[in-house]
Amino acid sequence: MKNQEIAKIFYEIAYFLEMEDVKFKPYAYEKAALTLEGLERDVEEIYKKEGFEGLRKIPGIGESIAKKIEEYLKTGKIQYYEEYKKKYPINLDELMGIEGLGPKRMKILYEKLGITNLKELEEAAKAHKIAPLYGFGEKTEKNILEAIEFAKRSKGRFLLGDILPIVKEVYEKLKSLKEVERIDAVGSIRRMKETIGDVDFLVISKNPKPIMDFFVSLPGVIKVWGKGNTKASVRMKEGFDMDIRVLPRRSYGAALQYFTGSKEHNIALRKIAIQKGLKLSEYGLFKGAEMIAGESEEEIYEKLGMDWIPPELREDRGEIEAALKHKLPKIIDY
DNA sequence: GTCCG
DNA sequence: CTGGATGCGCG
DNA sequence: CGGACCGCGCATCCAG
């Protein structure tokens with residue numbers, strides 16, 4: 001099955017295009033990559049059976065991208081991609097994952113300092129060559145160094161099983177605070193994904209200050225990224241980050257929905273909202289300036305004409321179509 | 001680059 | 001010191 | 001064919 005290999009190439013093409021500030025193509029390549037990743041069928045098999053036209057029928061894949069898939073299946077290479085790799089001989093596997101370093105800055109680092117991999121990036125940062133560059137600064141340089149450490153240590157994802165006990169403990173502690181009216185753990189934890197990037201707590205409270213103080217002084221906190229009245233962010237000794245956000249009750253449902261994700265699911269929901277002449281954000285569902293839903297997830301889904309979707313299914317893999325037709329599968333509870 | 005109207 | 005532009009990241 | 005492509009917040013940097 002070559003779907004994943006091809007998807008990866010498309011992600012990298014998207015990155016190269018972003019480096020050159022090409023408009024909209026990156027989006028197209030990312031979408032194609034995403035579709036390919038989630039595709040049940042093997043593209044090679046599709047091509048064998050249905051030829052070029054078969055490829056073209058895959059959503060997000062048109063004339064040009066279909067040609068590139070064909071080229072890859074025939075020759076094992078994509079010329080367009082090879083040229084970009086030659087132009088920017090950068091180790092994207094290493095560099096793409098560094099937080100705070102995107103395509104634009106990557107391009108500058110490559111052109112001004114010749115940085116092509118993680119080791120060179122680290123050396124340049126330590127030698128303070130990065131801060132003086134246009135668009136960078138002291139702070140950015142420091143952040144890059146910290147991001148490198150983070151990438152080295154953990155690759156940025158954690159197993160649900162490893163962090164769930166810690167999260168539960170924190171959850172219980174926060175819940176017992178008298179200022180906390182309601183608390184939920186959202187994000188990929190709520191969706192029960194096997195790996196978790198970071199942990200997000202949402203809270204309803206009229207008096208956030210003590211909650212924030214408590215949160216940033218929890219045992220196991222090794223770094224406080226930031227602390228305000230509505231949001232605080234920390235790094236735990238196990239290496240993962242936790243955020244907490246305090247919200248008003250009237251938009252709590254919208255925030256639950258938004259922060260639970262997935263990203264793809266949210267985008268799909270927003271599109272549906274647009275089709276209905278509405279606007280969905282983390283603050284609520286709006287008709288013009290009027291908020292027509294926001295306190296609960298259920299009313300948001302309902303106003304969008306669909307059933308409430310269990311978090312585990314929110315991946316934009318068909319659950320939205322099913323919910324619109326009121327044909328969601330029942331999740332087996334075990 | 002792809003989709004939609 | 002401020003406002004605006006940019007890059008990046010979040011779901 | 002021409003226009004849209006999710007929408008937002010934050011940190012940072014730079015120009016004034």
Practice problem: May I have the distance from Asp243(A) (atom CG) to dG9(D) (atom P), rounded to whole angstrom? | Solution: 16 Å
Quiz item: What about Tyr134(A), does its side chain sit under 3.5 Å from the base of dC14(D) through a donor-acceptor pair?
Solution: no
Quiz prompt | 5' priority, DNA chain D, between Phe136(A) and Ile274(A) [closest heavy atom] | solution = Ile274(A)
Quiz prompt | Listed nucleotide nearest any side-chain atom of Lys104(A), set dC8(C), dG1(B), dG11(C) | solution = dC8(C)
Self-check item: N/O (side chain, Ser64(A)) to phosphate O (OP1/OP2, dG1(B)) under 4.0 Å
Solution: yes
Quiz item: At under 4.0 Å between heavy atoms, what does Leu280(A) touch on the DNA or RNA strands: base, sugar-phosphate, or nothing?
Solution: nothing
Quiz item: Which whole-number value in Å describes the distance from Phe259(A) CZ to dG9(D) P?
Solution: 10 Å
Quiz item: For the residue pair Tyr134(A) and Ile108(A), what are the closest heavy atoms and their distance?
Solution: O-CD1, 4.0 Å
Quiz item: NA contact type, Pro59(A), heavy-atom cut-off 4.0 Å: base, sugar-phosphate, or nothing?
Solution: sugar-phosphate
Quiz item: Leu269(A) near the nucleic acid: base, sugar-phosphate alone, or nothing, with a heavy-atom cut-off under 4.0 Å?
Solution: nothing
Practice problem: State plainly whether the residues Lys48(A) and Asp42(A) are in salt-bridge range, i.e. N to O under 4.0 Å. | Solution: no
Quiz item: With sugar-phosphate meaning primed atoms plus P, OP1 and OP2, does Glu264(A) contact a base, only sugar-phosphate, or nothing at under 4.0 Å between heavy atoms?
Solution: nothing
Exercise. Could you please name the option among dC6(D), dG1(B), dG11(C) that lies closest to any side-chain atom of Arg191(A)?
Key: dG11(C)
Practice problem: Name the closest nucleotide to the Glu282(A) side chain, picking from dG11(C), dC3(B), dG9(D). | Solution: dG9(D)
Quiz item: Using a cut-off of 4.0 Å on non-hydrogen atoms, how would the nucleic acid contact of Gln275(A) be classed: base, sugar-phosphate, or nothing?
Solution: nothing
Self-check item: Short side-chain N/O contact to dT12(D) OP1/OP2 from Asn143(A), under 4.0 Å
Solution: yes
Quiz item: Closest to the Tyr27(A) side chain: dG7(D), dC3(B), dG1(B)?
Solution: dG1(B)
Quiz item: Which of these nucleotides, dG7(C), dC8(D), dT2(B), is closest to any side-chain atom of Arg105(A)?
Solution: dG7(C)
Quiz prompt | Greater than 12 external heavy atoms within 6.0 Å of Lys142(A)'s NZ | solution = no
Quiz item: For Arg41(A), does the CZ atom have more than 12 heavy-atom neighbours from other residues, nucleotides or ligands under 6.0 Å away?
Solution: yes
Quiz item: Are any of Lys263(A)'s side-chain N or O atoms less than 4.0 Å away from OP1 or OP2 of dG9(C)?
Solution: no
Quiz item: So, does Arg245(A) use its side chain to make a donor-acceptor pair with the main chain of Phe201(A) at under 3.5 Å?
Solution: no
Quiz item: Between Lys271(A) and Lys231(A), who's closer to the 5' end of DNA chain D by nearest nucleotide?
Solution: Lys271(A)
Quiz item: Does NZ in Lys303(A) sit with more than 12 non-hydrogen atoms of other residues, nucleotides or ligands closer than 6.0 Å?
Solution: yes
Quiz prompt | P spacing across the pair dT2(B) / dG7(D), given as an integer number of angstrom | solution = 22 Å
Quiz prompt | Lys25(A) NZ to dC3(B) P, straight-line distance once rounded to whole Å | solution = 15 Å
Practice problem: Would you classify Ile272(A) as touching base, sugar-phosphate or nothing, given that sugar-phosphate means primed atoms plus P, OP1 and OP2, and contacts are heavy atoms under 4.0 Å? | Solution: nothing
Exercise. Taking the six-membered ring of Phe136(A) (Phe, Tyr or Trp), confirm whether the NZ or CZ of Arg105(A) is under 6.0 Å from its centre and within 45° of its axis.
Key: yes
Practice problem: For Glu99(A), report the nucleic acid contact type (base, sugar-phosphate, nothing); a contact means any heavy atom under 4.0 Å. | Solution: sugar-phosphate
Practice problem: Looking only at side-chain atoms of Lys139(A), point me to the closest of dA11(D), dG7(D), dC14(D). | Solution: dA11(D)
Exercise. With heavy atoms under 4.0 Å as the rule, sort Tyr258(A) into base, sugar-phosphate or nothing.
Key: base
Quiz item: Heavy atoms under 4.0 Å, any strand shown: does Lys68(A) hit a base, just sugar-phosphate, or nothing?
Solution: sugar-phosphate
Quiz item: Quick one: is Thr140(A) getting a side-chain N or O under 4.0 Å of the dC13(D) phosphate, OP1 or OP2?
Solution: yes
Practice problem: Name the nucleic acid region contacted by Lys23(A), choosing base, sugar-phosphate or nothing; use a 4.0 angstrom heavy-atom cut-off, strictly under. | Solution: nothing
